[in-house]
Amino acid sequence: MTTEELIKRNTILQRSLTRGNAAAYEIVLAYVRGSNVSERAIEETLLEIIEHLITGQKHGKNAEDLFGRDLKQYSKDIVANLPKETKSVQLIDAFYFGTLMLMWMFIVETAGQFLSTFFDRFSKDTFSIIPYLISLISLTLLIACFMKLLKNADSKLWTVITIIVGALSIPSFIVSRYLFEGVWTLPINLSISFFITLSLFLIQYTLKKWSKSLQNEWV
């Protein structure tokens, strides 16, 4: 099965879990998927875990009986035995997420350029790159905080930090567009914006495929 098929199979099997077992499995799933290891190895392992849990459930056992009370330690032990991502995969994934974020920003820009053909208030022929840089940094921080929170689900500090960074991410892009209007500008129109968006889409798609192909080679 492909990684996507493993994920779909996992999602279907989760419907068979009792409420208590589902809650326990979600903790394990969140921690393992948030770890810095091979995506395919993660999904194969999670599928084995949920199949084991369902089998135990049929015999009257629950997650605590099978995994113990400390689900976080159980998850850590699982991750410790999974193959780590190579530096090349980590680098490709970093570029992938960065390109993906930029693509969504330019989708908004392209929508604005499209609306400018009907409404003059949306019309502009230049744009500042500073808001995009600020948003790229803030969204990267948000992802980093969220991944840290997954590994420290009981940490109030990381919960607060993640909420604050998340609350500031979107407003930072909107506010910076007005604050830095006319600063570090580049020409823009519908054709340019669409071309950049399409290029970013193709780049992030290629990077994602490349990352998965590298993982499949050494898993």
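Values in this document were obtained by computation on a predicted structure and should not be read as measured data. Reckoned from all heavy atoms, side chains included, excluding hydrogens, waters and symmetry mates.
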Would you please classify the geometry between the Tyr205 ring and the Phe201 ring as parallel, tilted or perpendicular, with 30° and 60° separating the classes?
parallel
Rounded to the nearest 0.5 Å, how far apart are OG1 of Thr99 and CG of Leu202?
11.5 Å
Could you tell me the separation between the OG atom of Ser211 and the NZ atom of Lys209, rounded to the nearest 0.5 Å?
11.5 Å
Taking all non-hydrogen atoms of both residues, which atom of Ala41 and which atom of Leu82 are closest, and how far apart?
O-CD2, 4.1 Å
Does Phe97 share a hydrophobic cluster with Leu133, counting links as ILVMFWY side-chain heavy atoms below 4.5 Å and allowing steps through other members?
yes
So how far is it from Leu142 CG to Ile164 CD1, rounded to the nearest 0.5 Å?
12.0 Å
Could you please spell out the steps behind the side chain to side chain contact (heavy atoms under 4.5 Å, CB included) verdict for Lys72 and Ile27?
CA-CA 8 Å; Lys72 186 174 180 180; Ile27 294 174; 5.8 Å; no
Could you tell me which non-hydrogen atom of Phe114 sits nearest to which non-hydrogen atom of Leu190, and how far apart they are?
N-CD1, 3.8 Å
What's the verdict on side chain to side chain contact (heavy atoms under 4.5 Å, CB included) for Leu200 and Gln204, showing C-alpha distance, side-chain angles and the deciding distance?
CA-CA 6 Å; Leu200 289 170; Gln204 64 86 25; 5.9 Å; no
Separation between NE2 (His59) and CG (Asp65), nearest 0.5 Å, reads 13.0 Å
Same hydrophobic cluster for Val165 and Leu100, using side-chain heavy-atom links shorter than 4.5 Å among ILVMFWY?
yes
Hey, any chance Val108 and Ile137 share a hydrophobic cluster, counting ILVMFWY side chains that come within less than 4.5 Å of each other, even indirectly?
no
Go through the steps to decide whether Phe67 and Tyr25 satisfy the test ring pair (Phe, Tyr, Trp, His ring centres under 6.0 Å), and finish with yes or no.
CA-CA 10 Å; Phe67 309 145; Tyr25 181 72; 7.9 Å; no
Mark yes or no for whether Ser193, through its side chain, and Asn189, through its backbone, hold a donor-acceptor pair below 3.5 Å.
no
Tightest non-hydrogen contact, residues Asn21 and Lys61, listed as ND2-O, 4.0 Å
Quick one: are Met101 and Ser135 in side-chain contact, heavy atoms under 4.5 Å?
no
Spacing of OG1 belonging to Thr110 relative to CE belonging to Met103, to within rounding of 0.5 Å
10.5 Å
Does a donor on one side chain sit under 3.5 Å from an acceptor on the other, for Ser128 and Thr185?
no
Beyond-backbone contact of Gln14 with Glu26, side-chain heavy atoms, under 4.5 angstrom:
yes
Close side-chain approach of Val79 to Thr45, heavy-atom, < 4.5 Å:
no
Nearest 0.5 Å please: distance from the CG atom of Leu13 over to the NZ atom of Lys8.
14.5 Å
Would you check if Leu186 and Thr126 make a side-chain contact, meaning some heavy-atom pair closer than 4.5 Å?
no
Is any side-chain heavy atom of Leu46 closer than 4.5 Å to a side-chain heavy atom of Ile50?
no
Please check if Leu141 and Ile163 belong to a single hydrophobic cluster, counting links between Ile, Leu, Val, Met, Phe, Trp and Tyr side chain heavy atoms closer than 4.5 Å.
no
How close do Ile54 and Ser16 get, heavy atom to heavy atom, and via which atoms?
CD1-CB, 4.2 Å
Determine, using ring centers only, whether Phe106 and Tyr132 are less than 6.0 Å apart.
yes
Note: Glu44-Arg40 ion pair, threshold 4.0 Å (strictly below):
yes
Heavy-atom side-chain contact between Leu53 and Asn62 under 4.5 Å:
no
In the structure I gave you, are the side-chain heavy atoms of Glu43 and Leu47 within less than 4.5 Å of one another anywhere?
no
Contact check, side chains of Ile203 and Tyr96, non-hydrogen atoms, under 4.5 Å
no
Under 4.5 Å between side-chain heavy atoms, counting indirect links through other Ile/Leu/Val/Met/Phe/Trp/Tyr residues: same cluster for Phe127 and Phe195 or not?
no
